[in-house]
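The structure under discussion appears below in the form of structure tokens.
The structure displayed is predicted, hence computed values, not measured ones. Counting starts at 1 for both ligands and their atoms, following the listed order. Both backbone and side-chain heavy atoms feed into the values below; hydrogens, waters and symmetry mates do not.
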Amino acid sequence: MNGKKVLLGITGGIAAYKSAELCRLLIKSGADVRVVMSAGAKAFMQPLTFQALTGHEVRDSLLDERAESGMGHIELARWADIIVVAPATANFIAHLAHGFAEDLLTTLCLATPAPIAVAPAMNQQMWSKKITQKNVQALADISDCQPVLVWGPDEGSQACGDVGPGRMLEPADIFARIKALFSADAMDASGKSEALPLAGKRVLITAGPTRESLDPVRYISNHSSGKMGFAIAAEAVSMGAAVTLVSGPVSLPTPSGVTRVDVSSAQQMYEAVLANVPGMDVFVASAAVADYRPEQIASQKIKKSNEGMVIHLIRNPDIVATVAGLTKRPFTVGFAAETNDVLSYAKGKLQKKGLDLIIANDVSRSDIGFNSDHNDVTAIWSDGEQSLGMANKSVVAQRILRIITEHLSKLSSPVAAGENLNNKGYSESDDE
Ligand code: C5P
């Protein structure tokens with residue numbers, strides 16, 4: 001990090017005390033750090049703390065004549081190699097997403113050509129609110145040259161007593177992400193780096209349900225919301241992958257940086273996957289694909305009669321098994337959504353479909369699985385398995401992708417990564 005210019009923005013949340021540790025890690029690694037605090041941040045931390053750590057006066061005002069006569073705000077915006085805002089409050093994210101330049105930090109973010117990363121930290125309800133999610137989504141589009149990177153949040157117990165998503169990532173984690181962006185000077189215009197674990201990898205993902213038409217009005221489908229697959233797509237992008245997401249009908253926004261292909265039926269999903277799979281490194285089949293479709297689709301609405309009705313169904317192609325059977329195939333990951341004997345059914349599917357990895361998912365529980373924001377899954381491969389613990393789907397997605405990257409590196413260097421695979425259990429308390 002020697003000589004890298006990091007502008008550390010701090011906004012008003014209790015996690016601001018952790019920014020002192022982040023600041024120290026950056027300084028220790030040789031970075032040149034300047035700190036800008038919002039008014040709210042100063043209610044939690046003294047600017048003097050950061051001045052002592054960085055050796056530079058903390059900037060906190062846009063209209064400070066004395067500070068402006070030193071390094072003006074536009075100069076400061078140009079000086080930064082990266083702006084990292086940690087913690088980033090819901091209020092700051094809202095202002096950033098809408099282009100406000102009402103204080104020094106928001107003005108710098110608007111004026112800088114450098115990549116921006118934010119580490120959200122807020123109460124779990126605030127994070128989950130639709131408007132906050134919309135604002136986070138909008139960050140993808142605010143810059144002309146690159147999306148704003150959103151790091152975290154993590155989930156776990158919060159200062160307010162709640163438990164859920166909204167905890168700022170730990171300083172060491174944020175530091176590692178900054179370092180990864182800079183390492184080997186590989187940061188490109190999109191703010192991505194060769195050092196990101198999935199940099200240079202192409203990932204194809206299916207998500208959501210399929211709809212199997214009976215007539216122009218009715219269809220057969222299932223309860224899949226697509227949330228798990230969309231979370232994997234979003235996390236894969238932030239780990240550096242080029243991601244194509246083939247989605248059944250869902251009402252979810254496209255994660256930033258993801259190429260999305262919308263389909264409706266299993267047959268369409270099959271065709272879209274086969275058209276996109278050449279050149280892919282990883283295929284993750286998280287879609288809940290209908291196994292059967294009506295043999296006939298009536299061209300006009302079927303009329304009711306006093307009799308019962310029989311619909312003749314025929315099998316749909318198995319997409320993930322087809323991909324796993326290709327001679328030049330990506331690392332292939334399936335999901336097993338089961339209501340009973342989850343692990344043993346999943347193991348059977350891993351083998352029968354010829355997969356590299358399967359994610360076993362108990363959909364009988366109402367607190368996880370379909371439509372829920374949470375999941376509690378077990379990753380299973382030919383000679384090992386690992387419970388990934390209950391967490392929100394973003395965190396579960398990160399854990400699934402971590403397992404995938406470990407397997408990918410095992411493929412390229414059999415000794416190095418093999419040791420990592422069996423010994424890392426995750427539990428709720430990992431978030432603490
Ligand atoms: O056999 P089952 O449907 O339980 O297998 C689930 C896994 O297979 C999931 O990864 C799902 O996306 C995939 N699948 C598929 N094509 C199908 C049926 C399931 O890719 N027709």
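Of the protein's heavy atoms, K353 NZ, 3.1 Å lies nearest to atom 8 (O) of ligand 1. Scanning the protein for heavy atoms near atom 20 (O) of ligand 1, the closest one is V320 N, 2.8 Å. Of all protein heavy atoms, the one closest to atom 3 (O) of ligand 1 is D291 OD1, 3.6 Å. Among protein heavy atoms, atom 10 (O) of ligand 1 sits closest to A285 O, 2.6 Å. The nearest protein atom to atom 9 (C) of ligand 1, hydrogens excluded, is given as F335 O, 3.1 Å; this is a heavy-atom distance. For atom 16 (N) of ligand 1, the closest heavy atom belonging to the protein is I319 N, 2.9 Å.
Stacking of R329 on the aromatic ring of F283 is not recorded, the 6.0 Å distance cut-off and the 45° axial limit not both being met.
Considering A287, S286, S224 only, the shortest heavy-atom separation from atom 12 (O) of ligand 1 involves A287. Selection from E338, K349, K352 by nearest heavy atom to atom 4 (O) of ligand 1 gives K349. Selection from I359, T210, T332, D318 by nearest heavy atom to atom 14 (N) of ligand 1 gives D318.
Contacts with ligand 1 closer than 4.0 Å are made by backbone heavy atoms (N, CA, C, O) of P317 only, the side chain lying farther away.
The environment of Q296 atom CD is sparse: at most 12 non-hydrogen atoms of other residues, nucleotides or ligands sit within 6.0 angstrom.
Checking D341 against S344 by side-chain atom types alone, no donor-acceptor pair falls below 3.5 Å. Side chains of E21 and S19: no donor on one and acceptor on the other come within 3.5 Å. With no hydrogens or angles considered, a side-chain donor-acceptor pair links S364 and D362 at under 3.5 Å. In this structure, a donor-acceptor pair under 3.5 Å is present between the side chains of T254 and R260.
Using 4.0 Å as the threshold, A288 has no heavy atom nearer than that to any atom of ligand 1.
M269 CE to D262 CG: the interatomic distance, rounded to the nearest 0.5 Å, is 9.5 Å.
Of all atoms in ligand 1, listed by their number and element, those nearer than 4.0 Å to a heavy atom of G334 are 10 (O).
K227 and D373 are joined by a salt bridge, as a carboxylate oxygen and a charged side-chain nitrogen come within less than 4.0 angstrom of each other.
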